[in-house]
Student: 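One structure, pasted below without further comment.
As a basis for the values below, the full set of heavy atoms in this structure was taken, side chains included, without hydrogen atoms, waters or symmetry mates. Count residues from 1 along the sequence.
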Amino acid sequence: MTDRGSTSLTTVMLTPVFVVIAFAAFQAAMWSHARTEARVIARDSASLVARNNVTEVAAQQSARAILMADTDLGGPTVSISNNGRFVTVTITGHAPGIIRGTSSPVTVTEAIPMEGFRP
């Protein structure tokens, strides 16, 4: 003999747990996606300076324009430094959250060695 109400009660009790787990997984995916976008743009910007002789200012403006137009990263800042051996690009911003106030800070740094002849 089983209690027919126990299945309904179990469903009612477990549904909020599954909803929270689903939202947490989606939130983690959003944060990861924003971090990946920033990393790709940082690597591409460093490559432009290190391999294609683009100036730091031009690469910085290009990266910022792409971040503002094509990504979900909020308030992005781009910093590019070149010490003659390595080009280092740092991108910071905020990954969006599902619920207001759940955004996460993102900081990504990529460094690529300069290519070309060095006496």
Student: Please name the residue in the list V54, V87, N53 that meets the side chain to side chain contact (heavy atoms under 4.5 Å, CB included) test with L48.
Tutor: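 It is V54; the other options fail the test.
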Student: By side-chain hydrogen bond (donor to acceptor under 3.5 Å, both in side chains), which residues pair with T92, not counting sequence neighbours?
Tutor: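 Checked T92 against side-chain hydrogen bond (donor to acceptor under 3.5 Å, both in side chains); matches are T77.
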Student: Would you say Q27's side chain and I98's backbone share a donor-acceptor pair under 3.5 angstrom?
Tutor: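 Checking the backbone N and O of I98 against the side chain of Q27, a donor-acceptor pair under 3.5 Å is found.
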Student: Could you tell me which non-hydrogen atom of A95 sits nearest to which non-hydrogen atom of W31, and how far apart they are?
Tutor: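 What the structure gives for the nearest pair is CB-CD1, 3.5 Å.
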Student: Measure the shortest side-chain to side-chain distance between H94 and S104 over non-hydrogen atoms and say whether it is less than 4.5 angstrom.
Tutor: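 The answer is no; the side chains never approach within 4.5 Å.
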Student: Could you tell me which non-hydrogen atom of G97 sits nearest to which non-hydrogen atom of T102, and how far apart they are?
Tutor: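 Reported closest heavy-atom pair: CA-OG1, 3.2 Å.
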Student: Determine, stepwise, if the pair L73 / I91 fulfils side-chain contact (heavy atoms from CB on, under 4.5 Å).
Tutor: CA-CA 10 Å; L73 199 65; I91 295 178; 4.0 Å; yes
Student: Any side-chain heavy atom of N82 within less than 4.5 Å of one from V49?
Tutor: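 In short, these two side chains touch, coming nearer than 4.5 Å.
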Student: Within the structure provided, determine whether R85 and M114 are in side-chain contact (heavy-atom separation under 4.5 Å).
Tutor: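 In short, these two side chains do not touch, never coming nearer than 4.5 Å.
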Student: Identify the two heavy atoms, one from T71 and one from E37, that lie closest to each other, and give their separation to 0.1 Å.
Tutor: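 Closest approach of T71 to E37, heavy atoms only: CB-OE1, 3.3 Å.
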Student: Could you check whether atom CD1 of I99 has more than 12 heavy atoms from other residues, nucleotides or ligands sitting under 6.0 Å from it?
Tutor: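 No, the 6.0 Å shell around CD1 holds no more than 12 heavy atoms from other groups.
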Student: So, T36 side chain and S32 main chain: donor-acceptor pair closer than 3.5 Å or not?
Tutor: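 At least one qualifying donor-acceptor pair exists.
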Student: Give, for atom CZ of R35 and atom OG1 of T107, the distance between the pair rounded to the nearest 0.5 Å.
Tutor: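 Reported to 0.5 Å precision, the distance equals 8.5 Å.
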Student: Using modelled atom types only, decide if a donor and an acceptor are shared between the side chain of S62 and the backbone of A58 within a distance under 3.5 Å.
Tutor: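 Not a single qualifying donor-acceptor pair exists.
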Student: Measure the CG-OG distance between L67 and S45 for me, rounded to the nearest 0.5 Å.
Tutor: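 Here the rounded value is 7.5 Å.
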Student: Contact between F86 and I112 at the side-chain level, heavy atoms closer than 4.5 Å - yes or no?
Tutor: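 Answer no - side chains too far apart.
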Student: Would you compute the distance between atom CG of N83 and atom OG1 of T88 and round it to the nearest 0.5 angstrom?
Tutor: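 The distance works out to 6.5 Å.
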Student: Would you compute the distance between atom OG of S79 and atom CD of E56 and round it to the nearest 0.5 angstrom?
Tutor: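 Atom-to-atom, S79:OG and E56:CD are 10.5 Å apart.
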Student: Between F23 and M30, is there shared hydrophobic-cluster membership here, with clusters defined by ILVMFWY side-chain heavy atoms closer than 4.5 Å?
Tutor: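 In one cluster: yes.
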Student: Which atoms form the tightest heavy-atom contact between A50 and P113, and what is the distance?
Tutor: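 Heavy atoms of A50 and P113 come nearest at CB-O, 3.6 Å.
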